[in-house]
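The structure appears right after this line, and notes come after that.
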Amino acid sequence: MIKAKNLTKVFDKNIVLDQISTTIHQGEVVTIIGPSGSGKSTFLRCLNLLEDSTEGQIYIKEKEITKLKTNKLEIRKNIGMVFQHFHLFPHMTVLDNVSYAPQKVKGVEKREAEAVARKLLAKVGLTDKENTYPNRLSGGQKQRVAIARALAMEPEIMLFDEPTSALDPEMVKEVLDVMKDLAKTGMTMVIVTHEMNFAKEVGDRVLFLDNGKLVEEAVPSVFFDKPTTDRAKVFLEKVL
Amino acid sequence: MNLDFSQIVPYIPFILEGIWATLKFVSVSIVIGFILGTVLSLCKITNIPVLKWVADAYTSIFRGTPLILQLMIIYYAVPQLTGYNISAFLSAVLAFGLNSAAYISEIIRGGILAIDKGQTEAAEALGVPYKPMMLNIILPQAFKNILPAMMNEFITLTKESALVSTIGYLDIMRRAQIAGADLYRNFEALLFAGLIYWVMVYILTLLGRLMERRLRQSD
């Protein structure tokens with residue numbers, strides 16, 4: 001589904017991503033963990049071209065998207081993204097937030113887009129909030145709206161950039177639960193996270209990044225119990 | 001003190017007619033300034049160097065020279081160059097519209113830059129093209145934030161509009177001057193004109209507050 005080949009990103013002589021190669025299969029839930037500044041978010045943002053890579057290629061469904069003439073908007077239609085700080089549109093109601101993009105990007109009729117939006121809001125448990133503005137929501141609710149907003153475009157891939165890092169501890173679970181449900185539907189998910197338990201429980205595979213390099217890549221049971229690299233061992237000792 | 005307001009009473013309808021003349025060209029100027037200012041502000045934040053340069057040069061020229069000079073150039077110099085006999089109204093609208101576009105573009109540019117970059121990214125990640133992103137997501141938020149600065153600009157424009165009396169446009173100011181000259185008494189007529197300007201600005205201020213309250217609905 002997603003294939004990165006020698007993906008490299010240099011920013012002002014800083015090597016942010018260093019020759020990362022990996023393949024993510026359809027329906028797979030891949031978590032990316034590592035210390036801050038390791039390039040996790042940059043890698044994720046390269047996948048939907050929010051960030052331009054310097055070298056290397058990314059293929060989505062066998063098609064290279066890192067070519068210059070790639071229509072970025074066309075690629076992004078198919079890849080949903082959820083941000084750490086939600087980035088909901090503050091001047092729109094919850095329903096408008098979720099139903100806006102399908103109307104503007106895909107030309108879906110308003111009534112239909114709203115019907116889809118209501119279904120998604122029900123799925124994330126926010127049916128009663130459709131006419132509320134984002135400022136009135138808690139962090140956990142905002143993030144669930146953000147997930148619904150991304151899903152409204154019916155993407156085949158969902159990217160999550162530290163979706164629970166900006167939340168109060170008691171709201172983390174409600175967001176993770178929504179993500180778990182989503183994983184069960186067979187969605188291809190790439191998740192940058194600090195939630196080790198979530199990575200263990202829901203993830204099919206863990207990518208461990210450090211200093212821009214993909215240091216280790218394994219199924220969670222192996223990675224968390226018997227990491228092979230010293231760097232991963234040190235990291236896990238500190239966080240677990 | 002030698003004040004006698006009874007003498008200007010016959011001139012009151014004449015001066016009041018100036019309100020319509022002033023409002024007419026101020027509102028057209030605001031519309032021109034607003035639309036052109038928005039376009040200029042978008043040029044300033046693009047990655048296309050030519051557009052940026054043009055918009056910056058435009059702002060530099062119109063902000064860097066006196067408004068009355070611009071007005072004079074349009075009214076007196078344009079006919080000399082082109083032979084087209086430009087009307088006082090058109091000159092006024094052009095001078096004020098073009099001039100305020102320069103100021104408004106800076107206000108809007110600041111408003112856009114103050115919007116969290118995440119808003120653009122969220123729209124981009126959803127595949128929303130540039131135009132709807134600007135029209136539906138970035139500009140509405142920017143306008144809300146810059147409304148006070150914008151009202152300030154409109155108020156300034158309304159008051160500065162008195163400058164057009166210098167090219168013979170029959171606005172409030174010009175009419176007050178004519179009344180004063182007729183009566184050999186300037187104080188009463190000018191005071192009356194001042195009162196009209198003040199009331200107009202006051203109404204504008206109230207409208208601004210009303211709009212602000214409506215836009216703050218989502219807070």
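Bear in mind that the values here come from a model prediction, so they are computed numbers and not experimental data. Reminder, nothing fancy here: chain letters follow the sequence lines and each chain counts from 1.
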* For atom NZ of A/K180, is the number of surrounding heavy atoms from other residues, nucleotides or ligands below 6.0 Å larger than 12? -> yes
* **Portion of A/Y100 that has a non-hydrogen atom of chain B nearer than 4.5 angstrom** => side chain
* Should we say atom OH of B/Y130 is surrounded by more than 12 heavy atoms from elsewhere, each under 6.0 Å from it? -> yes
* To do: Applying side chain to side chain donor-acceptor pair (under 3.5 Å), name anything that partners A/T66, two or more places apart in sequence or on another chain.
  => A/E64
* Asked: Which heavy atom in B/I137 sits nearest to a heavy atom in A/M92, and how many Å separate them?
  -> CG1-CE, 4.0 Å
* Gap separating the NZ atom of B/K131 from the NZ atom of A/K104, nearest 0.5 angstrom -> 9.5 Å
* Least distance between heavy atoms, B/V128 atom then A/A101 atom -> CG2-CB, 4.4 Å
* Greater than 12 external heavy atoms within 6.0 Å of B/Y76's OH -> yes
* Asked: Which residues in residues 113-121 of chain B have any heavy atom lying under 4.5 Å from a heavy atom of chain A?
  -> B/D116, B/G118, B/Q119, B/E121
* Could you list which of residues 48-60 of chain A have a heavy atom closer than 4.5 Å to any heavy atom of chain B, in residue-number order? => A/N48, A/L50
* To do: Measure distances from A/R45 to the heavy atoms of chain B and classify the residue's part below 4.5 Å as side chain, backbone, both or neither.
  => side chain
* Asked: Would you say B/M211 has more than 12 foreign heavy atoms packed within less than 6.0 Å of its CE?
  -> no
* Can you establish whether the number of heavy atoms outside A/Q26 located under 6.0 Å from its atom CD is more than 12? => no
* Using non-hydrogen atoms and a limit below 4.5 Å, what part of residues 71-79 of chain A faces chain B? -> A/L73, A/R76, A/I79
* **Heavy-atom proximity to chain B below 4.5 Å, by part of A/F83** => side chain
* To do: Identify which of A/K106, A/R149, A/H85 forms the greatest number of heavy-atom pairs closer than 4.5 Å to chain B.
  => A/R149
